[in-house]
Amino acid sequence: MCKGLAALPATCLKSAKDMKHRLGFLLQKSDSCDYSSSQGKKEKITSSQRVSQEEVRKWADSLENLIHHDRGLAAFRAFLKSEYSEENIEFWVSCEDYKKTKSPAKLSPKARKIYDEFISVQATKEVNLDSCTRERTRHNMLEPTLSCFDEAQRKIFTLMEKDSYRRFLKSPYYLDLVSPPGAGCGPENCKSSHTHTLDCNSNIISQCA
């Protein structure tokens with residue numbers, strides 16, 4: 001040991017060693033900062049993805065209430081995916097997005113993409129439309145407007161409303177949300193359930209995330 005260090009009190013040497021140990025620990029910790037940060041953001045997002053049971057119960061009032069709520073739409077889409085009929089809700093969502101188009105120059109290419117994907121004879125995700133509606137929609141492609149898919153969209157909405165929506169309300173995809181595990185069916189539990197919040201980042205909904 002050099003004379004300079006030997007001349008220092010023992011307490012000073014101990015403090016120096018402690019400082020070196022702490023610096024080493026901080027350097028090791030910095031390697032995992034990015035991971036910890038991303039995990040923290042993920043947990044923050046997860047905790048924010050909640051919806052009240054009162055809102056979930058409104059989904060049973062109408063299909064419109066269900067699919068106009070982000071988490072409801074996700075749950076319904078996951079259910080349709082389990083039935084291999086997700087093309088219906090994908091078409092509906094595509095039509096909603098199309099009607100928000102602001103640039104006239106984008107109407108024709110976006111309309112063609114929707115038509116080719118969901119309506120044409122060779123559509124990869126063909127939806128169930130009657131021949132008359134299909135033909136009128138095809139004619140609308142000649143001069144696309146914001147309303148060129150309205151009739152077809154209404155037909156698919158009605159189809160989902162009368163068929164898959166009713167099955168959804170009886171499926172675990174909905175029942176597990178409106179009646180979470182551990183909740184009883186007595187008056188007290190039913191009353192308090194309106195203020196209970198649900199974590200909609202469950203395995204069911206995450207299938208469609």
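Any value given below was found using the heavy atoms of this structure, including those in side chains, with hydrogens, waters and symmetry copies removed. Nothing here was measured: the structure is a model prediction, and the numbers come from that model.
At least one side-chain heavy atom of L129 sits under 4.5 Å from a side-chain heavy atom of I119. Using a 4.5 Å cut-off on side-chain heavy atoms (C-beta onward), I67 and F157 make contact. F118 has its side chain out of reach of C95: every pair of non-hydrogen atoms, C-beta onward, lies at least 4.5 Å apart. Side-chain contact check for H69 versus L73: every heavy-atom pair is 4.5 Å or farther apart.
Atom CD of residue E96 and atom CD1 of residue I89 lie 9.0 Å apart, to the nearest 0.5 angstrom. For the atom pair CZ (F79) and OG (S171), the distance works out to 5.0 Å, reported to the nearest 0.5 Å. Between S94 atom OG and K110 atom NZ the span is 9.0 Å, to the nearest 0.5 Å. Interatomic distance, CD of E55 versus CG of L66, reported as 10.5 Å (0.5 Å rounding). Here the CH2-CZ distance, from W92 to F76, works out to 10.5 Å after rounding to the nearest 0.5 Å. Between the CH2 atom of W59 and the CZ atom of R71 there is a distance of 8.0 Å, given to the nearest 0.5 Å.
Here D130 does not pair with R134 in a salt bridge; the nearest charged N to carboxylate O distance is not below 4.0 Å. We find that E117 and K113 are joined by a salt bridge, their nearest charged nitrogen and carboxylate oxygen being less than 4.0 Å apart. Residues R57 and E54 are not paired through a salt bridge, judged by the lack of any N-O separation under 4.0 Å between the basic side chain and the carboxylate. For E64 and K58, the salt-bridge test fails: no basic side-chain N is under 4.0 Å from an acidic carboxylate O. With salt bridges taken as basic N to acidic carboxylate O contacts below 4.0 Å, none links E90 and R77.
Of all heavy-atom pairs between P144 and S108, the closest is CG-CA, 4.0 Å. Of all heavy-atom pairs between A152 and T137, the closest is CB-OG1, 3.8 Å. The shortest non-hydrogen separation linking M160 to N88 is SD-CB, 3.7 Å. Minimum interatomic distance between L169 and A60 (heavy atoms only, all atoms of both residues): CD2-CA, 3.8 Å. When all heavy atoms of S82 and Y173 are compared, the closest pair comes out as CB-OH, 3.3 Å.
Side-chain N or O atoms of S147 include none that pairs as donor or acceptor with a backbone N or O of D150 at under 3.5 Å. Panel note: side chain E161, backbone L63; no donor-acceptor pair is recorded below 3.5 Å. In this structure, N140 contributes its side chain and C148 its backbone to a donor-acceptor pair below 3.5 Å.
Ring geometry for Y174 versus F168: interplanar angle of 30 to 60°, hence tilted.
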Quiz item: Taking it one step at a time, do K106 and T101 satisfy side chain to side chain donor-acceptor pair (under 3.5 Å)?
Solution: CA-CA 7 Å; K106 293 181 179 181; T101 304; over 6 Å; no

Quiz item: What's the verdict on salt bridge (Lys or Arg N to Asp or Glu O under 4.0 Å) for R154 and E151, showing C-alpha distance, side-chain angles and the deciding distance?
Solution: CA-CA 5 Å; R154 282 195 299 270; E151 182 181 1; 5.6 Å; no

Exercise. For salt bridge (Lys or Arg N to Asp or Glu O under 4.0 Å), just list the numbers for E83 and R167, CA-CA rounded to whole Å, side-chain angles, deciding distance to a tenth of an Å, and then say yes or no.
Key: CA-CA 10 Å; E83 291 197 333; R167 291 197 304 277; 2.6 Å; yes

Quiz item: Is there a side-chain contact (heavy atoms from CB on, under 4.5 Å) between F149 and M141 once you walk through the steps?
Solution: CA-CA 9 Å; F149 292 110; M141 291 297 96; 3.5 Å; yes

Quiz item: Step by step, would you call E86 with K125 a side-chain contact (heavy atoms from CB on, under 4.5 Å)?
Solution: CA-CA 9 Å; E86 65 268 28; K125 300 178 181 179; over 6 Å; no

Practice problem: Tell me, with the steps shown, if Q53 and V178 meet side-chain contact (heavy atoms from CB on, under 4.5 Å). | Solution: CA-CA 6 Å; Q53 274 207 343; V178 76; 5.6 Å; no

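More than 12 heavy atoms of other shown residues, nucleotides or ligands fall within 6.0 angstrom of atom CG in D163.
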